[in-house]
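FYI, the numbering just counts along the sequence from 1.
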Amino acid sequence: PASGGAVSPGAAGMQPSAVPLESTIEKPHAEGAGSPGASEQPAATTLTIVGTGGLRGVFTPQTLREYPQQTVTIFDHHTNKQETYGGVPLMDLLAKLGVPHGKDLMGKALGQYVVATGSDGYRSVVALGEVDPEFHPGTVLIADTLDGKPLDDKTGPFRLVVTEDKRPARSVRNLVRLEVRTVE
């Protein structure tokens, strides 16, 4: 059973006040980068996360830092070294946007997935079951630091990091949008 109920603009239980929420309904399969309409295309320094029921959170590097941080280390075949990323677990943010998690992640909810889009249009998909730490041992992180320093212009300000992958191909650089969708 997914969370439901009415949400007024700017209020959906988001704590701390880091993420302004909008109670807007977007098309279930709305395209991220390259969509018509400048108001739907996020700026390079923001990350838009579309949860269930059209709830949407918009993050900046500053607002993301208001959430509890976690670090993960992965081996990056592109750089041929271990890299330590810091940021916020994706499930922590999705839960605030009405996405089922924990004991509610069952049945139809297991048919949900997250589409991650970079500023260059690169996309990857992560199943919702892979995002929930109560369901899967890996961590899916919205990173904003690498080895304790903010991500540079080449990789940031945000990067999706998936720890259980043998190759970091789903670790989207220059992350600008995450959208929860349901298998049809």
**OP:** Sequence neighbours left out, what passes side-chain contact (heavy atoms from CB on, under 4.5 Å) with Pro61? Give chain and number order.
**Re:** Arg65, Pro157, Phe158
Original post:
Got Leu178 and Thr48 here, is their nearest side-chain heavy-atom distance under 4.5 Å?
Top reply: no
Original post:
Within the side chain of Glu66, is there an N or O that forms a donor-acceptor pair under 3.5 Å with the backbone of Thr63?
Top reply: no
Original post:
Which other residues belong to the hydrophobic cluster containing Ile74, where Ile, Leu, Val, Met, Phe, Trp and Tyr are joined when side-chain heavy atoms lie under 4.5 Å apart, directly or via other members?
Top reply: Val72, Tyr85, Leu141, Leu146, Leu151, Val161
Subject >> Step-by-step side-chain contact (heavy atoms from CB on, under 4.5 Å) determination, Leu94 to Val180 >> reply: CA-CA 9 Å; Leu94 292 178; Val180 176; 3.8 Å; yes
Original post:
Are side-chain heavy atoms of Glu164 and His136 found at a separation under 4.5 Å?
Top reply: yes
Subject >> Heavy-atom side-chain proximity of Gln82 to Asp76 below 4.5 angstrom >> reply: no
Original post:
Does Thr71 have any side-chain contact (heavy atoms from CB on, under 4.5 Å) partners at least two apart in sequence or in another chain, and if so, which?
Top reply: Thr84
Subject >> Taking every non-hydrogen atom, the tightest pair across His77 and Lys166 >> reply: CE1-O, 3.1 Å
Original post:
What is the minimum heavy-atom distance between His101 and Met91, and which atoms define it?
Top reply: CB-CE, 3.4 Å
Original post:
Side chains of Leu47 and Leu64: does their closest heavy-atom pair fall under 4.5 Å?
Top reply: no
**OP:** Give, for atom OG1 of Thr52 and atom CZ of Arg181, the distance between the pair rounded to the nearest 0.5 Å.
**Re:** 14.5 Å
Original post:
Considering only heavy atoms from C-beta outward, does the side chain of Leu93 approach that of Tyr67 to under 4.5 Å?
Top reply: yes
**OP:** List in chain and number order the residues that pass ring pair (Phe, Tyr, Trp, His ring centres under 6.0 Å) with His78, two or more places apart in sequence or in another chain; answer none if no residue qualifies.
**Re:** none
Subject >> Smallest separation among heavy atoms of Gly98 and Leu55, with atom names >> reply: N-CD1, 4.5 Å
Original post:
Any side-chain heavy atom of Leu128 sitting closer than 4.5 Å to one from Val99?
Top reply: yes
Original post:
Hey, any chance Val140 and Tyr122 share a hydrophobic cluster, counting ILVMFWY side chains that come within less than 4.5 Å of each other, even indirectly?
Top reply: yes
Original post:
Just by distance, do the side chain of Arg170 and the backbone of Asp165 share a donor-acceptor pair under 3.5 Å?
Top reply: no
Original post:
Given side chains that start at C-beta, do those of Ile49 and Leu97 come closer than 4.5 Å, heavy atoms only?
Top reply: yes
Subject >> side-chain contact (heavy atoms from CB on, under 4.5 Å) involving Asn174 - partner list, sequence neighbours excluded >> reply: Ser119
Subject >> Straight-line distance of Thr139 OG1 to Glu130 CD, nearest 0.5 Å >> reply: 12.0 Å
**OP:** With rounding to the nearest 0.5 Å, note down the distance linking CZ in Phe75 to OG1 in Thr163.
**Re:** 15.5 Å
Original post:
So how far is it from Arg173 CZ to Thr155 OG1, rounded to the nearest 0.5 Å?
Top reply: 6.5 Å
Original post:
Which atom names give the shortest non-hydrogen contact between Glu83 and Thr79, and what distance separates them?
Top reply: OE2-OG1, 2.9 Å
Original post:
Does some side-chain heavy atom of Val126 sit less than 4.5 Å from a side-chain heavy atom of Leu160?
Top reply: yes
Original post:
Between Gln69 and Val88, which heavy-atom pair has the shortest distance, and what is it?
Top reply: NE2-CG2, 3.4 Å
Subject >> Test side-chain contact (heavy atoms from CB on, under 4.5 Å) applied to Lys154 - qualifying residues, sequence neighbours left out >> reply: Asp152
